[in-house]
Chemist: 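Handing you a structure now.
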Amino acid sequence: MTDGKGGQGGKAPGAAEGVATGEGDIHVSVRGLKKSFGPKVVLDGVDLDVKRRSSLVVIGGSGTGKSVLIKCIIGLLRPDAGSIVIDGEETVHLKGRARARLMRKFGMLFQGAALFDSLPVWENVAFGLIHGQGVPRRQAREVAIDRLAQVGMPPEVADLYPAELSGGMQKRVGLARAIATRPEIILFDEPTTGLDPIMAAVIDELIVKTVKEVGATAITITHDMQSVRRIADEVAMIYKGRIIWHGPISQLDNSGNPYVDQFIHGRADGPIKMQVRG
Amino acid sequence: MNPLARIGQVVLALLAEIGRLTLFLRDALIIGLLPRWYPRQMLIQLMRMGYHSLPVIGLTAFFTGGVLALQIYIGSSRFNAENLVSSIVALGITRELGPVLAALMMAGRVSAAIAAEIGTMRVTEQIDALTTLSVHPMKYLVAPRIVAGVVALPLLVLVADIIGILGGYVVGTRSLGFNAGSYLANTVNFLQWDDVTSGLIKAGVFGFILALMGCYHGFNSRGGAQGVGRATTNAVVSASILILAANYVLTSTLFAK
């Protein structure tokens, strides 16, 4: 019931040395990742490889450690043990400037979009350019309007404030912000949660389109199975802080894993029991 | 529970809080004050804390100056020393009531606003978003607010000093029957630079404390709306207590001549 087909065993030789940069090599490699909050063990030895320019979706119920996993990968949380290798570089212990340099490789779309409500839409999108990279404001505004167009939003939106937008529109702006600096790795934290089914489909399509345009590696966490089928090249399932299955999307329905089967069909009965505490 | 264990728990919690605050202060000073700076953010905060607080500070100072004149008149008339009213009003306002009352009003206005804003940013993941966009929250959120607090409060206190003395003057000349010229002359002749500058130095320290408390509690808020509410309350209470404590320490060590 542990590692599935394809994923874990397919580590490209040489990836750890950071020499290979072509399509198909390992971009992000996680080994033995552990994280606890007080007595609660959230990640209990996660092993996961993400291929360059592929789209990996991590599925799992609430409270199984999905969010903590991607927050560890991007460096918002520091793991207790284990290793995270990105482009051949061990990143767990990076601090200060080295951490800031690594952060430039990342873009992230947050669950609630996490737009800065004191700033207009265009400045939200251009934020990483202006403050992270020192691009002049006028030039950054042009890029922002361009990115907004990429996610299907007209230039008039640029001067509105986030509070004036609907949830789906905020997600689009969040997506435009995540891709504004052309990151190599984009993380999506439950991108369709709280959206109606049509808007969810629109956001999924935009994610696939923009990730392809930017040429990035995408890691998404979600429990929306429709979304998984639209976004994923590969799927990994996390349960009780470990990856219990990892394989290509084509094999998701024939995983032979009772946990995966129960989850993707949304059955109440099966090996997965409800957790009361988060 | 064993009462000793309870005492131990409280002491440990207090020490842990002091430790967390010290680490936060270290980060704010080291990371926040090194470049890169965000002058635009600092100006915005300066406007919010300074300019927008003028009505509150002005009204507080005016009424305080007025009531001070009344009370001192009542007290001094018992031994025929009414001519001291103007001098004592000026001294009381510049050395003590101007900085302390302005800082306490600002703790209610500014510390609460900072804690609520940063706390909401924390629980809606906006602070995480800043980090992912390669902007350090200490530099972008905390440092501009602390600098603005240290700069704005002395300026506000200067205004409070003037309006407070004016309040005393209005009450003194209109309802207590003092001669306008001699009231002003007594104020100006008696007041020394030390009285004003000691108040302004205190104000700088108070501005630092109230901005720091707002940032610290906002930054560490957890758990949704309730957490933000708790952070706001804690920011105001801790800022007020620390301001009063710092006022005593500063007065007794530096300005008690």
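Here is the naming used below: chain letters follow the sequence lines, and residue numbers restart at 1 for every chain.
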Chemist: How far does CZ of B:Phe62 sit from CD1 of B:Ile163, to the nearest 0.5 angstrom?
Modeler: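 Between B:Phe62 CZ and B:Ile163 CD1, I get 9.0 Å after rounding to 0.5 Å.
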Chemist: What option among B:Ile127, B:Thr124, B:Thr131 has the most heavy-atom pairs under 4.5 Å with chain A?
Modeler: B:Thr131
Chemist: Please report the closest heavy-atom contact between B:Met42 and B:Val147, naming both atoms and the distance.
Modeler: SD-CG1, 3.2 Å
Chemist: Out of curiosity, A:Ser166 OG to A:Asp196 CG, how far, rounded to the nearest 0.5 Å?
Modeler: 9.0 Å
Chemist: Tell me, side chain or backbone of B:Ile31 under 4.5 Å from chain A's heavy atoms, or both, or neither?
Modeler: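 Neither part; nothing is under 4.5 Å.
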Chemist: Considering non-hydrogen atoms only, spot the tightest contact between A:Lys35 and A:Arg78 and give its length.
Modeler: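 The answer is NZ-O, 2.8 Å.
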Chemist: Backbone N or O of A:Leu77 within a donor-acceptor pair of the A:Lys71 side chain at under 3.5 Å?
Modeler: no
Chemist: Give, as side chain, backbone, both or neither, the part of B:Thr132 having an atom under 4.5 angstrom from any heavy atom of chain A.
Modeler: both
Chemist: Can you tell me how far the CZ atom of B:Phe24 sits from the CG atom of B:Leu29, to the nearest 0.5 Å?
Modeler: 10.0 Å
Chemist: So which residues of residues 172-184 of chain A are in contact with chain B at a heavy-atom cut-off of under 4.5 Å?
Modeler: A:Arg177
Chemist: From B:Arg145 CZ over to B:Leu46 CG, what is the distance, rounded to the nearest 0.5 angstrom?
Modeler: 12.5 Å
Chemist: To the nearest 0.5 Å, what is the distance between CG on A:Leu43 and OG1 on A:Thr64?
Modeler: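 It comes to 9.0 Å.
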Chemist: Could you tell me whether the side chain of B:Leu155 reaches within less than 4.5 Å of the side chain of B:Val159, counting heavy atoms only?
Modeler: no
Chemist: Just to be sure I understand the criterion: a residue of residues 113-121 of chain A counts if one of its heavy atoms is under 4.5 Å from a heavy atom of chain B. Which ones qualify?
Modeler: A:Ala114, A:Leu115, A:Phe116, A:Asp117, A:Leu119
Chemist: Do B:Tyr38 and B:Gln45 pair up side chain to side chain, a donor and an acceptor below 3.5 Å, judged on atom types alone?
Modeler: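 Not at all, the side chains of B:Tyr38 and B:Gln45 share no donor-acceptor pair under 3.5 Å.
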Chemist: Given heavy-atom pairs under 4.5 angstrom as the criterion, report whether the side chain, backbone, both or neither of A:Ile130 touches chain B.
Modeler: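 Backbone only.
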Chemist: Can you see whether A:Ser227 engages A:Asp204 through a side-chain donor-acceptor pair at a distance of less than 3.5 angstrom?
Modeler: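 Indeed, the side chains of A:Ser227 and A:Asp204 share at least one donor-acceptor pair under 3.5 Å.
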